[in-house]
Amino acid sequence: MTDLLLRPAGELAALVRGGELSARELTEVSLRRIEALQPSLNAFVHLDPDGALAAADAVGPGDPRPFAGVPIAVKDTAAVAGMPLTMGSDLFGGYTPSQDAFVVRRLRDAGFVIVGKTNMPEFGILPVSEPRRFGPARNPWESERTPGGSSGGAAAAVAGGLVPLAHGSDGGGSIRIPAACCGLVGLKPARGRISRGPEGGDDFLVSDGVLTRTVAETAELLDVLSGYEAGDPTWAPPPEEPFAATAAREPGRLRIGVTTDAAIPAALDPLCERAVFDAAELLRELGHEVEEVEAPWKGEDVLRTFALAFGTPIATGIHFGATVSGREPSEDLIEPLSWIMWKGTRDRSAVDYLLARSRLTVLARRIVALWNRYDAVLVPALAQRPVRIGDIDACSAEPWEDFRRSGQFTPYTAIFNSTGQPAISVPLFQGDDGLPLGVQLAGRPAGEGQLLALAAQLEAARPWADRHPELTAA
């Protein structure tokens, strides 16, 4: 029965819809799997077995919702009514929201059964998931390695076969990084594609999304989650057809640029470099026109500017935590790196933040112009192999150095949060070290459909969904 959780979510929903499997049985499989592996993976920070089983019992054969009865996990950045919301921080205490975020409401409306909330770094700052409050989430492929961050618990839960797919969010690579670490598909949708409401307004950097095993599932979930919600200040233009339909078709012959230039000075691991050029050769074999390019971001060290544009929303999250808990932020309640960001942002003015955003926008205009010549650009997903637990530490004596170290681990992701373009990490390869080895493709602004079609073509040529860490066969 454990193998059920390795099957596509749509397939599982079809079994429930046809009466071959009850939603309760499927949810019980997930809950048992979580009980068995949570001590070793620490993927979850909150579980709601009673609520999940009650939701499953409300699903019967013939339920028309596309994912009725399928278990899913929600990252601890999103409000789920009746479940704690902590963002990985002691500051929030036991705060429990009374309403769902729009993205969660859409998951429920699609029939998903929410089993719990997943682990993440405090306030989603780092590309590892090791919060002081809950302890580190671990990679199912090798427990001493990170599953990535900030949607690390979500990726560990999917890669470990605890749930078939999971919600995540991405403000600097936080879906794509865990996908690359754990051998999953991770799409950062275009800016404004998925509403951040009702509390969140227009978000310059962060997009919600999912961690899945297949491109088709990612496309199907994008159809579920995307679209305007009343009061959204901005939104991405709707596609001409469902994303799943576009993803299911051949993309045609595309022009694809390839570069290993990084937006942050960083050494590139030879395995990560080889993966990019092996993927480029595969794209040529599939009939695409592929050529190396010099990236518009080459020679730019954008970490400092990005940190200010990124740090101000982090400070907003800290302020929110203080508001809902009734406690002042302090070094006892938030981690050293969060404290530095909180103090640093408060020492700067609104003009400093807006100037940082303006600088990123100016850079983004130069970057996006590259897509006048290319349909997609291929870059590494990571600069290094998944780091070991403790290598990047928000609670170290020099947390800002760890933040810079995190940029050297992941210098290829945040640039597309700055431009607002869709970007996807796909686990095309397995490294000589036994760990997943992904590459990243970035598409045209609001061009998720074509990007998904290209990723699906790669998946068909070099399937990856049947690769699992050993523990998923237990």
Side-chain angles (χ1 to χ4, degrees), residues 8 170 173 175-176 179-180 183-191 193 207 209-223 226 236-237 239-260 272 275-293 295 367-368 370-382 412-413 415-417 419-429 436-465:
D170 190 315
I175 289 174
R176 291 160 289 155
L184 303 172
V185 177
L187 171 73
K188 181 197 80 68
R191 180 181 292 145
R193 179 65 67 197
S207 296
V210 288
L211 281 300
T212 71
R213 296 187 182 281
T214 67
V215 175
E217 288 174 283
T218 292
E220 291 162 1
L221 265 292
L222 189 58
D223 285 323
S226 66
E240 294 181 358
E241 64 177 354
F243 290 110
T246 307
R249 287 201 303 273
E250 291 290 313
R253 189 170 190 265
L254 303 179
R255 291 199 69 195
I256 299 172
V258 180
T259 183
T260 58
C272 300
V276 169
F277 291 106
D278 286 351
E281 185 55 37
L282 176 56
L283 287 164
R284 289 188 186 96
E285 292 172 7
L286 292 169
H288 301 292
E289 183 181 347
V290 182
E291 62 183 36
E292 289 190 54
V293 300
I367 292 169
V368 174
L370 187 62
W371 276 257
N372 292 333
R373 291 157 39 206
Y374 299 101
D375 299 295
V377 173
L378 172 68
V379 298
L382 303 171
Y412 296 98
T413 51
I415 198 71
F416 301 117
N417 296 84
T419 65
Q421 293 167 266
I424 190 168
S425 176
V426 290
L428 265 182
F429 308 110
L437 184 56
V439 297
Q440 183 182 192
L441 287 157
R444 296 179 181 279
E448 292 99 321
Q450 185 181 70
L451 187 64
L452 287 162
L454 180 59
Q457 185 184 46
L458 287 170
E459 182 180 12
R462 297 285 189 278
W464 56 68

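Reckoned from all heavy atoms, side chains included, excluding hydrogens, waters and symmetry mates.
- Counting heavy atoms from C-beta on, the side chains of P189 and P422 never come closer than 4.5 Å.
- Listed here is the closest heavy atom pair of T246 and E241: OG1-OE2, 2.7 Å.
- Across T212 and L184, no two heavy atoms sit closer than the pair O-CB, 3.3 Å.
- Looking only at distances, no side-chain donor or acceptor of E220 sits under 3.5 Å from a matching main-chain atom of A244.
- Applying the ring-ring contact (aromatic ring centres under 6.0 Å, His included) rule to Y412 yields no partners; only residues at least two apart in sequence or on another chain are considered.
- Under a 3.5 Å cut-off, the side chain of D223 and the backbone N or O of F243 do form a donor-acceptor pair.
- The backbone N or O of R253 lies less than 3.5 Å from no partner atom in the side chain of H288, so there is not a single donor-acceptor pair.
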Derivation and outcome, side-chain contact (heavy atoms from CB on, under 4.5 Å), residues L187 and V210: CA-CA 7 Å; L187 171 73; V210 288; over 6 Å; no
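- Looking at every heavy atom in both residues, F416 comes nearest to V379 through CE1-CG2, 4.2 Å.
- Within a 6.0 Å sphere centred on CD of E240, other residues, nucleotides and ligands contribute 12 heavy atoms or fewer.
- Salt-bridge formation is not detected for the pair E289/R284: no Lys NZ or Arg NE/NH1/NH2 atom is positioned less than 4.0 Å from an Asp or Glu carboxylate oxygen.
- When each of V439, V290, L428 is checked for a side-chain contact (heavy atoms from CB on, under 4.5 Å) with L282, only L428 meets the rule.
- Looking only at distances, no side-chain donor or acceptor of W464 sits under 3.5 Å from a matching main-chain atom of P436.
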Full working for side-chain contact (heavy atoms from CB on, under 4.5 Å) between L286 and Q457: CA-CA 8 Å; L286 292 169; Q457 185 184 46; 3.9 Å; yes
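- With rounding to the nearest 0.5 angstrom, the CZ atom of R191 is 8.0 Å from the OG atom of S207.
- Remark: the N372 side chain and the R444 side chain contain no N/O donor-acceptor pair separated by less than 3.5 Å.
- We find that K188 and E448 are not joined by a salt bridge, their nearest charged nitrogen and carboxylate oxygen being 4.0 Å or further apart.
- In plain terms, the two heavy atoms of N417 and G173 that are nearest each other are OD1-N, 3.5 Å.
- Put simply, CG on L378 and CD on E292 are 10.5 Å apart, with the number rounded to the nearest 0.5 Å.
- Using a 4.5 Å heavy-atom threshold, the side chains of L437 and P427 count as separate.
- Checked by atom type and distance alone, the side chain of D375 pairs as donor or acceptor with a backbone atom of R255 at under 3.5 Å.
- Between G186 and I175, the shortest heavy-atom distance links the atoms CA-CG2, 3.6 Å.
- At least one donor-acceptor pair under 3.5 Å links the side chain of Q440 to the backbone N or O of P380.
- In this structure, V258 and F277 have side chains that are in contact, with non-hydrogen atoms separated by less than 4.5 Å.
- T214 and E459 share no side-chain donor-acceptor pair at under 3.5 Å.
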Residues L452, L222; criterion side-chain contact (heavy atoms from CB on, under 4.5 Å); working and verdict: CA-CA 10 Å; L452 287 162; L222 189 58; 4.1 Å; yes
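- Minimum interatomic distance between V185 and R213 (heavy atoms only, all atoms of both residues): CG2-O, 3.7 Å.
- For the atom pair CD (E291) and OG1 (T259), the distance works out to 11.5 Å, reported to the nearest 0.5 Å.
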Stepwise side-chain contact (heavy atoms from CB on, under 4.5 Å) check, W371 with V377: CA-CA 8 Å; W371 276 257; V377 173; 3.4 Å; yes
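- When the side-chain hydrogen bond (donor to acceptor under 3.5 Å, both in side chains) test is applied to T260, no partner is found at least two apart in sequence or on another chain.
- Note: L454 CG to L283 CG = 6.0 Å, rounded to the nearest 0.5 Å.
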